[in-house]
Structures are given as structure tokens and as C-alpha cells.
Amino acid sequence: MTQRSTKIRALTEGAVMIAAATVLGYFRIFRFPSGGSIDLALVPILVYCLRWGPKYSLLCCFVNGVLQYFLGGGIAISWQSMLLDYVAAYTLVFLCGFGAGKKFGWLWGTVLGSFGRWICLTLSGGLLWYMYMPETFLGIPMVNPWIYSVLLNGVLVAAVMAVDLVVLGILQSVPALRSQILEKQVTA
């Protein structure tokens, strides 16, 4: 496969995965009262990252973040929160691509991508959303917005990551699916 055809295939596959993520984002499993939801929207993006690695995943994750805001009913209190909560947070999911082709890469790549997303969401919560902090969260009195942001976004990202890992684990456990869906693509 030539370098040009590899790029075309990567871009085409990225577009298909972004479209699938956008559609899956409309089917929420659970919506948190303070914002955020659990859905399967990140699964196609994670699969793309695991297939193509970080080089191609960066653009795919960036475009997904922009579309999640505009097409997924994104909520922002300012342009800064739009950038941190959607664009930067979803773009950092590209870190999952470092697990491409590695042993248990689907597992630690997903954890790494989720950690990057959590960092951005925590920054946004501590810097921008602090005025919406409740008096208690998880039965703990909240006096520091950074602690609240760490806890709230930690619960959200951990729940989404758990669902994503279950789906990716199922894909990984079936040899025919693993070879067709999660195998790293050869890039020139």
C-alpha cells in the first residue's frame, strides 16, 4: 500500500468512526444530573486510535471533539469551557493510539486516553464551572472547587471508561473481531 493510499484509507476510516461516534452519542445509557453522560460514543474513536496509532488519531479525535460540541448538544459557559470540555478533552483521547499494536494496548491505551480527557475536564471544572459546586457531593461536604472537579469528573470518566473497556474487552476476546477490528494498520 502506498503512502497516499494509506492516508486516504486512514482519513476515510476516521470519517466513518466519527460518524459512528456522533450517532452513538445520541443514545445515552445514563445522564448525570450535574452534566455529562455515559454512552458508547468513544468506542469507535478508541477503535480508530488502536488501529492507526497516535499520528492519525490526533486529527480524528480533534474533529470528534468539535462535532461532539456542535452536534451532540454541548453545553458551555464560555468559549474557554467549550475548548476545555470538548475540543481539548476529546482531542487528548488520541493518547489511546500509543497502545496500538502493543500487548494489552486496548486496555492501557483506553486508560491513558481517558486520563487525558479527565485532566482537561478537571481543569475546566476547577477554573470555569466552580460556581455550580453543590454543598455536598457523594456525601462529602464540598468547600474546594478543585476537589469537587476531581471527584465529579473522575466519576464521569471512570464510568465511561468502564463501559468502553467492557465493549473493547468483548471485541478483544473474539479472535475474528480482534483481527478485523482492533489490529493495528500498517502505516508507511
Side-chain angles (χ1 to χ4, degrees), residues 1-31 36-74 82-83 85-118 120-121 156-157 159-188:
M1 191 178 309
T2 67
Q3 187 175 9
R4 179 175 158 78
S5 63
T6 300
K7 286 182 182 180
I8 291 171
R9 182 171 175 197
L11 286 171
T12 305
E13 198 171 305
V16 169
M17 294 300 194
I18 291 167
T22 302
V23 170
L24 287 172
Y26 291 119
F27 301 101
R28 293 182 171 92
I29 297 168
F30 180 78
R31 183 180 289 263
S37 62
I38 300 174
D39 55 37
L40 297 175
L42 274 181
V43 172
I45 302 302
L46 294 170
V47 167
Y48 182 84
C49 293
L50 292 168
R51 287 176 56 85
W52 290 97
K55 177 182 171 184
Y56 290 102
S57 298
L58 185 62
L59 177 63
C60 177
C61 291
F62 171 78
V63 171
N64 182 56
V66 171
L67 290 179
Q68 284 294 325
Y69 176 74
F70 287 109
L71 299 179
M82 182 193 75
L83 287 178
D85 288 335
Y86 293 93
V87 179
Y90 281 102
T91 299
L92 283 177
V93 172
F94 94 99
L95 295 171
C96 177
F98 287 105
K102 308 261 183 350
K103 186 172 183 168
F104 296 110
W106 65 274
L107 179 66
W108 64 264
T110 301
V111 171
L112 187 61
S114 297
F115 180 73
R117 185 169 175 238
W118 174 74
C120 274
L121 294 174
L156 170 68
V157 170
V160 172
M161 182 179 67
V163 170
D164 293 341
L165 285 173
V166 166
V167 173
L168 289 173
I170 292 169
L171 293 176
Q172 180 66 23
S173 67
V174 179
L177 291 175
R178 180 177 54 240
S179 66
Q180 292 298 313
I181 295 174
L182 290 176
E183 192 169 289
K184 184 173 181 349
Q185 300 300 298
V186 178
T187 57

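Because the structure is a prediction, the values reported are computed rather than measured. Along the sequence shown, the residues carry numbers beginning at 1.
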Please step through side-chain contact (heavy atoms from CB on, under 4.5 Å) for the pair Trp108 and Lys102, ending with a clear verdict.
-> CA-CA 10 Å; Trp108 64 264; Lys102 308 261 183 350; 3.9 Å; yes
Among all residues two or more places apart in sequence or in another chain, which pass the side chain to side chain contact (heavy atoms under 4.5 Å, CB included) test with Ala159?
-> Phe32, Ile38
List the steps, then state whether side-chain contact (heavy atoms from CB on, under 4.5 Å) holds for Tyr26 with Leu71.
-> CA-CA 9 Å; Tyr26 291 119; Leu71 299 179; 3.8 Å; yes
Residue pair Arg117 / Val160, side-chain heavy-atom distance below 4.5 Å = yes
Describe, in one word, how the ring planes of Trp52 and Tyr56 are oriented to each other, choosing from parallel (under 30°), tilted (30 to 60°) and perpendicular (over 60°).
-> perpendicular
Could you tell me the separation between the CD1 atom of Ile29 and the CG atom of Leu40, rounded to the nearest 0.5 Å?
-> 4.5 Å
Would you give the length of the straight line joining atom CG of Leu46 to atom CZ of Arg51, rounded to the nearest 0.5 angstrom?
-> 13.5 Å
Run the side-chain donor-acceptor check on residues 165-173: report pairs under 3.5 Å with partners two or more places apart or on a different chain.
unit_1 : atom_1 : unit_2 : atom_2 : d
Ser173 : OG     : Gly169 : O      : 3.3
Ser173 : OG     : Ile170 : O      : 2.9

Nearest heavy-atom approach of Phe27 to Val23 is CD1-O, 3.3 Å
Leu59 versus Leu11: any side-chain heavy-atom pair under 4.5 Å?
-> yes
First locate atom CD of Gln68, then atom OH of Tyr90, and finally report the distance between them rounded to the nearest 0.5 Å.
-> 4.5 Å
How far apart are the C-alpha atoms of Cys60 and Ile45, what are their side-chain angles, what is the distance that settles it, and do they pass the side-chain contact (heavy atoms from CB on, under 4.5 Å) test?
-> CA-CA 8 Å; Cys60 177; Ile45 302 302; 4.0 Å; yes
Locate the shortest heavy-atom distance separating Pro44 from Leu24; write the atom from each residue and the value.
-> CG-CD1, 3.7 Å
Given Leu58 and Phe62, is the side-chain contact (heavy atoms from CB on, under 4.5 Å) satisfied, shown in steps?
-> CA-CA 6 Å; Leu58 185 62; Phe62 171 78; 5.8 Å; no
Drop me the distance from Thr12's OG1 to Lys7's NZ, to the nearest 0.5 angstrom.
-> 13.5 Å
With a 3.5 Å cut-off and no angle check, do the side chains of Arg31 and Ser37 form a donor-acceptor pair?
-> no
Closest non-hydrogen atoms of Ala100 and Cys49, given as atom of the first, atom of the second and distance, are CB-O, 3.8 Å
Reported SG-to-CG distance for the pair Cys61 and Leu92, which is rounded to 0.5 angstrom | 9.0 Å
Qualifying salt bridge (Lys or Arg N to Asp or Glu O under 4.0 Å) pairs, either residue in residues 163-180, two or more places apart = none
Is Thr2 close to Thr6 at the side-chain level, that is, under 4.5 Å between some pair of heavy atoms?
-> no
Ser57 side, atom OG; Leu50 side, atom CG - distance, nearest 0.5 Å | 8.0 Å
Can you check whether Ala10's main-chain N or O pairs, donor with acceptor, with Tyr48's side chain at less than 3.5 Å?
-> yes
